[in-house]
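The structure under discussion appears below in the form of structure tokens.
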Amino acid sequence: MNKIYSPVLFLCVSAILILSSCIKEEPGIDLTKTGEFSIEFDSIVGEETFGLEPRQYTNAKGEVFSIRTLQYFISNIKLYTESGEEYVVPQEDSYFLVQAQDRSTRFTKVRVPEGDYTRVSFVLGVDSLRNTKPVEERPGVLSFDPSQGHEGGGMYWGWNSGYIFFKLEGTCDLISDDQQGDPTGNKQFKYHIGGFGGYSAPTINNIKEISLDLNQGGIAQVREGLRSNVHLFVDVMNVFNGQHTFSIPQHPNVMFSDFSVNIANNFPGMFTHDHTENFTRGENEL
């Protein structure tokens, strides 16, 4: 007996087949293949491009200042797919020192498995575990050898046995010449922010994890033999104008003090995702 098929049924089946063929599954993390991945930390100051002294800027308090030094540690990079899969960059490969005076340091370059990543997170600072490891287990930019990463151990407090996570130095003519300002008369401000929670007793903890959604500016599509670069803007003005706005002459020197917590709480607001460059073959294409 011959079967007669309804034209409506035929059309429905055809439509389902066509739709099924058009739906592309989001690629998960492929551990068998790796590509290059980088986060680019591009400094700005409010609405202006970044520049060291003598260039001047004005904060929300109307205070004019110049920047002499800006550097900070980035560590513990993680990537996430839309479905929630997580890839943690091996810790030994995940410590970087971004230095404003050396633009080549603005990229944190690692190798990660192929995949489409919709979110990235990292730590501004150095985690407590690495702060407490033996000196010989702190290579690269964490080393105390100037040839390894930073001049003269300039990002470490010898007296406090901990890393300076974020260092910002400059000048502001409103700073007084007394002990509450800069007794040298050079009108200098210094913000050296650190503190990982303490060795054996609780202390200040200024480690900040930053998490950024990449969907609006473009997800990171990592592919073997190619490079994906997540371009961030880092707004230094947010140090002064963030959720804890403060006056430079009132707080010209902040190091291991309670006020450092206020500055550290401004750090997450410094970072915004601008765009992502995928399928590039080198930094000359970025």
Side-chain angles (χ1 to χ4, degrees), residues 39 41 43 67-78 88-102 105-106 108 110 121-170 182 188-211 234 236 238-240 242-244 246 248 251-271:
I39 306 174
F41 294 86
S43 297
I67 298 170
R68 177 175 301 160
T69 298
L70 170 65
Q71 48 188 1
Y72 49 91
F73 283 109
I74 296 296
S75 64
N76 293 267
I77 297 171
K78 301 176 185 177
V88 180
V89 176
Q91 200 173 54
E92 297 298 329
D93 302 325
S94 199
Y95 292 97
F96 302 89
L97 181 61
V98 179
Q99 303 174 75
Q101 66 273 22
D102 181 0
T105 66
R106 74 187 188 278
T108 61
V110 294
S121 71
F122 53 86
V123 166
L124 175 57
V126 179
D127 54 276
S128 58
L129 178 62
R130 192 61 53 167
N131 266 281
T132 58
K133 279 191 174 290
V135 171
E136 59 271 16
E137 294 183 34
R138 306 187 214 172
V141 296
L142 299 180
S143 172
F144 303 100
D145 181 348
S147 67
Q148 289 289 312
H150 50 87
E151 183 179 352
M155 291 294 283
Y156 190 83
W157 284 314
W159 54 270
N160 191 45
S161 299
Y163 289 96
I164 300 170
F165 303 156
F166 180 91
K167 177 183 284 190
L168 176 66
E169 297 179 356
D182 178 13
Q188 301 176 99
F189 62 79
K190 296 180 180 180
Y191 304 120
H192 298 182
I193 310 302
F196 62 90
Y199 279 100
S200 55
T203 62
I204 293 170
N205 188 342
N206 284 324
I207 296 172
K208 296 298 176 185
E209 183 173 16
I210 316 297
S211 181
V234 185
V236 183
N238 208 77
V239 173
F240 307 106
Q243 64 180 29
H244 297 286
F246 68 94
I248 296 174
H251 299 279
N253 294 289
V254 180
M255 297 190 186
F256 200 72
S257 66
D258 290 341
F259 193 81
S260 71
V261 175
N262 293 330
I263 296 179
N265 285 337
N266 286 342
F267 291 160
M270 293 171 56
F271 302 90

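We use all heavy atoms of the structure for the numbers below, so side chains are in, but hydrogens, waters and symmetry mates are not. No experiment lies behind these values; they were computed from the predicted model shown.
- There is no side-chain donor-acceptor pair under 3.5 Å between Y156 and N131.
- Scanning all heavy atoms of the two residues, the minimum distance from I193 to A264 falls at CG2-CB, 4.1 Å.
- More than 12 heavy atoms of other residues, nucleotides or ligands sit less than 6.0 Å from atom CG of D102.
- For the pair V126 and F165, the minimum side-chain heavy-atom distance is below 4.5 Å.
- By the 4.5 Å heavy-atom criterion applied to side chains, K167 and M255 are not counted as neighbours.
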Exercise. Could you check I74 against L124 for side chain to side chain contact (heavy atoms under 4.5 Å, CB included), going step by step and ending with a plain yes or no?
Key: CA-CA 5 Å; I74 296 296; L124 175 57; 4.1 Å; yes
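- A heavy-atom distance below 4.5 Å is found between the side chains of N76 and Y95.
- For the pair N265 and K208, the tightest heavy-atom approach, listed with the atom from each and the gap, is OD1-NZ, 2.7 Å.
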Quiz item: Step by step, would you call L97 with T105 a side chain to side chain contact (heavy atoms under 4.5 Å, CB included)?
Solution: CA-CA 7 Å; L97 181 61; T105 66; over 6 Å; no
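- Nearest heavy-atom pair across T132 and R138 is C-NH2, 4.3 Å.
- Looking only at distances, a side-chain donor or acceptor of N266 sits under 3.5 Å from a matching main-chain atom of H244.
- L168 is listed as a side-chain neighbour of F240, based on a closest heavy-atom distance under 4.5 Å.
- Among all heavy-atom pairs drawn from M270 and F166, the shortest one is CE-CE1, 3.9 Å.
- A heavy-atom distance below 4.5 Å is found between the side chains of D127 and Q91.
- The distance from the CD atom of E169 to the CD1 atom of I67 is 11.5 Å, given to the nearest 0.5 Å.
- The distance from the CG atom of L142 to the CD atom of E137 is 11.5 Å, given to the nearest 0.5 Å.
- With F73 as the fixed residue, the ring-ring contact (aromatic ring centres under 6.0 Å, His included) test singles out one of F96, F41, Y163: Y163.
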Quiz item: Could you walk me through whether E92 and R130 pass the side chain to side chain contact (heavy atoms under 4.5 Å, CB included) check?
Solution: CA-CA 10 Å; E92 297 298 329; R130 192 61 53 167; 3.1 Å; yes
Exercise. Evaluate the side chain to side chain contact (heavy atoms under 4.5 Å, CB included) criterion for residues V254 and H192: first the C-alpha distance (whole Å), next the side-chain angles of each, then the deciding distance (0.1 Å), finally the verdict.
Key: CA-CA 6 Å; V254 180; H192 298 182; over 6 Å; no
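- Here the options are F246, F259, F267, F256, the test is ring-ring contact (aromatic ring centres under 6.0 Å, His included), and the partner is Y191; only F246 passes.
- The OG atom of S75 lies 9.5 Å from the CD atom of E209; values are rounded to the nearest 0.5 Å.
- Summarising the geometry of I77 relative to S94, their closest heavy-atom pair is N-OG, 2.9 Å, with the distance given to 0.1 Å.
- To the nearest 0.5 Å, atom OG1 of residue T108 and atom CD1 of residue I39 are 4.0 Å apart.
- One N or O on the side chain of T203 and one on the backbone of G198 form a donor-acceptor pair closer than 3.5 Å.
- The distance from atom NZ of K78 to atom CZ of F122, rounded to the nearest 0.5 Å, is 13.0 Å.
- Between I210 and P268, the shortest heavy-atom contact is CD1-CA, 3.5 Å.
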